[in-house]
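Scroll down for the structure; my scribbles are underneath it.
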Amino acid sequence: MIYLDNASTTKPHKELINLYKKGLDEWFVNSDSLYPLGVQLSLMIEKSRKIISELFYVQPQDLIFTSSGSEANNLAIKGLAFANRKNGNHLITSAIEHPSVLSSMKQLRDMFNFELTIIEVDNNGQLDLESLSQSLRKDTILVSFMAINNEVGTIFPIEEIVRVVKAKSKALIHVDMVQLLGKHPLDLTGIDAASFSAHKINGFKGTGLLYCKHHLNILPLISGGQQEFGIRAGTANSINNVLLAKTVMIALKQQPMALEKVTKLNQYLRSELKKIDDIVINSPENGSPYIVSFSHLKLGSEIVMNALSQKEIYVSSRSTCSSKLNTVSHVLSAMSKNDEVLNGVIRVSMSHDTTKKELEILIAEIKEVNKHVISK
Ligand SMILES: Cc1ncc(COP(=O)(O)O)c(C=O)c1O
C-alpha cells in the first residue's frame, strides 16, 4: 500500500501502539478515582500535560485535552465567543477554514445573532491583510484563522495576522494548528488559543488538544464534571491523554528533518506533475510542502482516485470530513477555481516517512490513467 493521505490521518507509531495496549490492560481505571491506581493515572495525565506545556512554552493550565481537533475548534470558538460577549458581538474568520471552524462561526451568526465577517482569499488561497485590517472593529471579540490549510497547504502569515489584529482591536486570536504541528515550527507568541489533533501526527484518533490561556473566560460546551479545569467534562480518555506527550515529543523532534525531506519530495512531485498533460497544480508554490493539490482537467476525481486505489495508492480528493458530501470544495471555490479544476481535484498529502519511490509509482500510475484518456 502507498499511503498518501496523511492530511486526513496518519498511521500511529508502533511504539505508541504497544504502550496503548499495555495501558488499556493495566490502567483501565477512572483517572478521577481516589484509590492509588486512579491517583497515579491522574498524575500521569498531569505529567503529560506538563511535558506538552514545556514543549509549547506555555503553562500546563493552558492546555485542555479534547476528543479531536474539531472539538478543540468548537470549544475555542463557541466557548470564547459566548464567554466574552460582554465585550462585543463581532467575529472574523476566513473563507477556507476547516468546516469545524466555519460551521461553528456560522452557527454563532445564524442561531445566536453574532455578526460575522468572512475574509475572502486570492487564487493562492492567501488572505488579504488589508481587508482583515479593515474588517476589525472595536466590538470584534474573536478572530480565528488556520495556520495551514488542509486542502491546498496555503500557509497563513500568523505573525502578521497577530500584529494587524492587535494594532486595531482587542480581539482574541484563535489559530487552528492541526496541520502545522510536527510539520512546521510551532510558535504560540501572541496567540490566545490554538487547536491540535493527535491523529494527524501519528498519534491516536479520539485525542485533541486546545491551548487556551488560562486567565481567559471560556464557556464549557460539555459541562457536568471537574475534569479539564471544569472546562471540558467527561471521564478522561486517560491512556490517550498520557500518550499525547510522547506523540508530540516525537513529532517535534523529527519536524525539522522531516520538513527538509518533504520539501525535496514536494519539488520532485510538482516537477513531474507539471510534465503531465491536462494536470494543473492548485497548491501555491509557497505553501506547505506536505500537501499537493492538483486537478485533472479531463477526468473527475473519482476516476483518478479509483484507478489509483486499484493499485493500492491512497489519496483523497479534498478534505475527508467532506468526502461524503455531494458538494464542491469550499476552499477551491473560494480560490475562484473553475469547474474542471473543482471536479478533477486530487490531494496528495505526505508524511515524514513518504519516499521518493512511492511518488515515482504514483506518477507512473497517473501517466497510465492519462494514456487511457488519450486512447479514448
Ligand atoms: C486544519 C484542520 N483543522 C481541524 C481538523 C479536525 O481535526 P480532527 O480530525 O481531529 O477532528 C482537521 C482535520 O482534517 C484539519 O485538517
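Owing to the predicted nature of the structure, the values given are computational and were not obtained by experimental measurement. As the structure lists them, so they are numbered: ligands from 1, and atoms in each ligand from 1.
The distance from ligand 1 to the heavy atoms of N73 drops below 4.0 Å at these ligand atoms: 3 (N), 4 (C). Close approach of ligand 1 to S197 is summarised as follows: ligand atoms under 4.0 Å from at least one heavy atom of the residue are 8 (P), 10 (O). Of all atoms in ligand 1, listed by their number and element, those nearer than 4.0 Å to a heavy atom of Q179 are 1 (C), 15 (C), 16 (O). Remark: ligand 1 atoms within the under-4.0 Å shell around heavy atoms of S68 are 10 (O), 11 (O).
At a heavy-atom cutoff of 4.0 Å, ligand 1 is contacted by no atom of E71, backbone or side chain. Counting heavy atoms under 4.0 Å from ligand 1, residue K205 does not touch it at all. With a heavy-atom cut-off of 4.0 Å, N149 does not touch ligand 1 at all.
Geometrically, K11 does not engage Y3 in a cation-pi contact, judged by NZ or CZ lying under 6.0 Å from the ring centre and within 45° of the ring axis. By the 6.0 Å and 45° rule, R49 does not stack over the aromatic ring of F65.
In terms of polar-atom proximity, defined here as any N/O pair under 3.5 Å, S70 does make such a contact with ligand 1. Taking distance alone, with nitrogen or oxygen atoms compared against 3.5 Å, S100 stays at or beyond that limit from ligand 1.
Among N73, T93, N149, N150, the one residue that satisfies the side-chain hydrogen bond (donor to acceptor under 3.5 Å, both in side chains) test with D176 is N73.
Ligand 1 lies less than 4.0 angstrom from a heavy atom belonging to K200.
For the residues T9, I291, L180, D176, the heavy atom positioned nearest atom 2 (C) of ligand 1 is part of D176.
Enclosure of atom NZ in K86 by more than 12 non-hydrogen atoms of other residues, nucleotides or ligands within 6.0 angstrom is indicated. At most 12 heavy atoms of other shown residues, nucleotides or ligands fall within 6.0 angstrom of atom CZ in F28. Within a 6.0 Å radius of CD in E159, no more than 12 heavy atoms belonging to other residues, nucleotides or ligands are found. Within 6.0 Å of the NZ atom in K213, the count of heavy atoms belonging to other residues, nucleotides or ligands exceeds 12.
Judged by distance alone, the side chains of S288 and Q179 never bring a donor and an acceptor atom under 3.5 Å apart.
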